[in-house]
Amino acid sequence: MVQAIVNSEVNCALCLETKELKRSHIIPEFLYKSLYDEKHRLHVLSIIPEQENSIEQKGLREPLLCKDCEEKFSKWERYASLILKGGIELTYRREGNIVFIGGLDFVQFRLFQLSILWRAGVSNLQFFENVQLGKHSEIIRKLLLSSNPGSYDKYGCLMFGIHYEGDAFTSIIMQPGKVRLFGHAGYRFVFGGFMWAFFASSHAIEAPYNMALLQPNGDGLFLIKDVMSMENLESFSKELIYMNRVPKPS
């Protein structure tokens, strides 16, 4: 009888060193908190008929990063958590549905954004199967490993604040999907009350669209949209209701 030997140490996806891997979140844990029920359960909803709904005790995770690389990402996540929860003083100016922000730490917030795009691209979880970065994965990996935010106009992210009846709509995380952004390939994520539209192209984002990206001086902006005016979110909700996939109260 041949006894299988299981090695708990494999290559970390970021540093590529052979180390014990942690169960890493692709989307940080703090962004799931508004989705948990009273028993701290997360309902993962599917609109694919052959794929059942599931229940998780924590956000979606997999063995991906070593302890050192987890700690590298956690610094950027802590900063982003404070930003999204209003824990850091910023300047705001609203003109119609556009909110202009000043005072962001470009390096930390940009690396937070890049880390989510990259993690989704290297993930083996079915939820992130639509994110296929190809050659861009290695470029972004090297940026993250060296804590280099890169050029603001490459792999940038457009942000849309999602509201419902006047309030921030934070109670949904959607499966990422591929999109076209002004002629560039990109990916759409929904979490934390925002839609995050990432560019995934070798070419720099040209004017005037590059002005909507996070700027090196810490300025940024986002467009506020009502959830019911966003076709993809509305159709997703209708599809879930039609298929009777919405979890019933416990």
**Q** Could you grab the distance from atom SG of Cys66 to atom CD of Glu20, nearest 0.5 Å is fine?
**A** 10.5 Å

**Q** Are any non-hydrogen side-chain atoms of Leu214 and Leu221 less than 4.5 angstrom apart?
**A** no

**Q** Looking at Ser81 and Arg78, would you say the former's side chain and the latter's main chain have a donor-acceptor pair under 3.5 Å?
**A** no

**Q** Is there side-chain contact between His203 and Lys154, with at least one heavy-atom pair below 4.5 Å?
**A**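 No, side chains not in contact.
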
**Q** Side-chain heavy atoms nearer than 4.5 Å, only ILVMFWY residues, links allowed to pass through others: does that put Leu213 and Met211 together?
**A** no

**Q** For Leu14 and Arg141, which heavy atoms make the closest approach, and how far apart are they?
**A**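 Closest approach of Leu14 to Arg141, heavy atoms only: O-NH1, 2.6 Å.
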
**Q** Could you pull out the closest heavy-atom pair between Val107 and Ser147, with the gap in Å?
**A**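 Minimum heavy-atom contact is CG1-O, 4.4 Å.
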
**Q** With no hydrogens and no angle check, do the side chains of Ser24 and Glu70 hold a donor and an acceptor under 3.5 Å apart?
**A** yes

**Q** Leu65 and Leu16: same hydrophobic cluster, using ILVMFWY side-chain contacts below 4.5 Å?
**A** no

**Q** Got a second to check how far Leu90's CG is from Leu82's CG, nearest 0.5 Å?
**A** 10.0 Å

**Q** Starting at CG of Leu181, measure out to CZ of Phe199 and round the result to the nearest 0.5 Å.
**A** 4.5 Å

**Q** Side chains of Cys12 and Leu21: does their closest heavy-atom pair fall under 4.5 Å?
**A** yes

**Q** Is Glu71 paired with Lys67 through a side-chain N to carboxylate O contact shorter than 4.0 Å?
**A** yes

**Q** How about Pro176 and Asn130: do any of their side-chain heavy atoms sit closer than 4.5 Å?
**A** no

**Q** Test your reading of the model: is there a side-chain donor-acceptor pair from Glu62 to the backbone of Asn124, 3.5 Å cut-off?
**A** yes

**Q** Without swapping roles, check the side chain of Ser123 against the backbone of Phe128 for a donor-acceptor pair under 3.5 Å.
**A** no

**Q** Any side-chain heavy atom of Ile224 sitting closer than 4.5 Å to one from Val99?
**A** yes

**Q** If the plane angle is over 60° it's perpendicular, under 30° parallel, otherwise tilted; pick one for Phe222 and Phe194.
**A** perpendicular

**Q** About how many Å separate NZ of Lys19 and SG of Cys69, when rounded to the nearest 0.5 Å?
**A**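 If we round to the nearest 0.5 Å, Cys69:SG and Lys19:NZ are 6.0 Å apart.
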
**Q** Under a 4.5 Å cut-off applied to non-hydrogen side-chain atoms, are Cys15 and Leu145 in contact?
**A**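 Yes, at least one pair of side-chain atoms sits under 4.5 Å.
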
**Q** If you take the centroid of each ring, where Trp contributes its six-membered ring, are Phe198 and Phe189 closer together than 6.0 Å?
**A**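 Yes - the distance between ring centres of Phe189 and Phe198 falls below the 6.0 Å cut-off.
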
**Q** Ser151 and Asp153: side-chain donor and acceptor closer than 3.5 Å?
**A**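 Present: a donor and an acceptor within the cut-off.
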
**Q** Any donor-acceptor pair under 3.5 Å linking the side chain of Trp196 with the backbone of Arg188?
**A**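 No, because the side chain of Trp196 does not come within donor-acceptor range (under 3.5 Å) of the backbone of Arg188.
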
**Q** Taking only residues at least two apart or on different chains, which pairs with a member in residues 112-126 satisfy salt bridge (Lys or Arg N to Asp or Glu O under 4.0 Å)?
**A**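 Qualifying pairs: Glu77-Arg119.
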
**Q** Would you mind listing every ring-ring contact (aromatic ring centres under 6.0 Å, His included) that reaches into residues 63-103, with sequence neighbours excluded?
**A**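 Residue pairs passing ring-ring contact (aromatic ring centres under 6.0 Å, His included), neighbours aside: Phe73-Trp76.
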
**Q** If the test is side chain to side chain contact (heavy atoms under 4.5 Å, CB included), which one of Leu114, Val122, Ile116 qualifies with Trp118?
**A**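 Output: one option passes, namely Val122.
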
